[in-house]
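Given the structure is predicted, the values throughout are model-derived calculations rather than measurements.
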Amino acid sequence: MRITVDMNLCESHGQCVFAAPEIFSFDDEDYLVYDAGPADALRDKAEKAAAVCPMRAITVSAGAS
């Protein structure tokens with residue numbers, strides 16, 4: 001699985017962090033950081049995070065994990 005976040009769209013609402021804290025978090029300066037290739041076992045959480053993003057900045061696709 002591959003995750004991409006369009007940082008031009010992301011407004012740091014944090015819904016992804018709540019939906020999938022194993023994948024998404026904020027750094028010390030409140031910028032989004034994420035695991036671009038998480039384990040496939042986290043697919044449901046990744047897809048939920050993408051679905052709840054109000055800016056639709058997250059894409060989940062097939063790919064190497």
Report task. Measure the spacing between CE of Met55 and OG of Ser12 and express it to the nearest 0.5 Å. Result -> 11.0 Å
Query raised in the report: Does the side chain of Phe24 reach to within under 4.5 Å of the side chain of Ile58, using non-hydrogen atoms?
Result: yes
Query raised in the report: When you measure from the side chain of Arg2 to the backbone N and O of Val60, does any donor-acceptor pair fall under 3.5 Å?
Result: no
Query raised in the report: Roughly how far apart are Ile23 CD1 and Lys45 NZ, rounded to 0.5 Å?
Result: 8.0 Å
Requested in this report: Report yes or no: do His13 and Gln15 form a side-chain donor-acceptor pair below 3.5 Å?
Outcome: no
Query raised in the report: Does the side chain of Cys16 reach to within under 4.5 Å of the side chain of Val52, using non-hydrogen atoms?
Result: no
Report summary line: In this structure, CG of Asp6 is separated from CZ of Arg56 (nearest 0.5 Å) by 14.0 Å
Query raised in the report: Can you tell me if Asp40 uses its side chain to pair, donor with acceptor, with the backbone of Met1 under 3.5 Å?
Result: yes
Requested in this report: Kindly check if the number of other-residue, nucleotide or ligand heavy atoms within 6.0 Å of CZ (Phe26) is above 12?
Outcome: yes
Report task. Kindly give the heavy-atom pair with the smallest separation between Ala19 and Lys48, and that separation in Å. Result -> CB-CG, 4.2 Å
Report task. Measure the spacing between SG of Cys10 and OH of Tyr34 and express it to the nearest 0.5 Å. Result -> 9.5 Å
Query raised in the report: Given side chains that start at C-beta, do those of Met7 and Leu32 come closer than 4.5 Å, heavy atoms only?
Result: yes
Query raised in the report: Sub-3.5 Å donor-acceptor pair from the side chain of Arg43 to the main-chain atoms of Pro38, do we have one?
Result: no
Query raised in the report: So how far is it from Ile3 CD1 to Ser61 OG, rounded to the nearest 0.5 Å?
Result: 8.5 Å
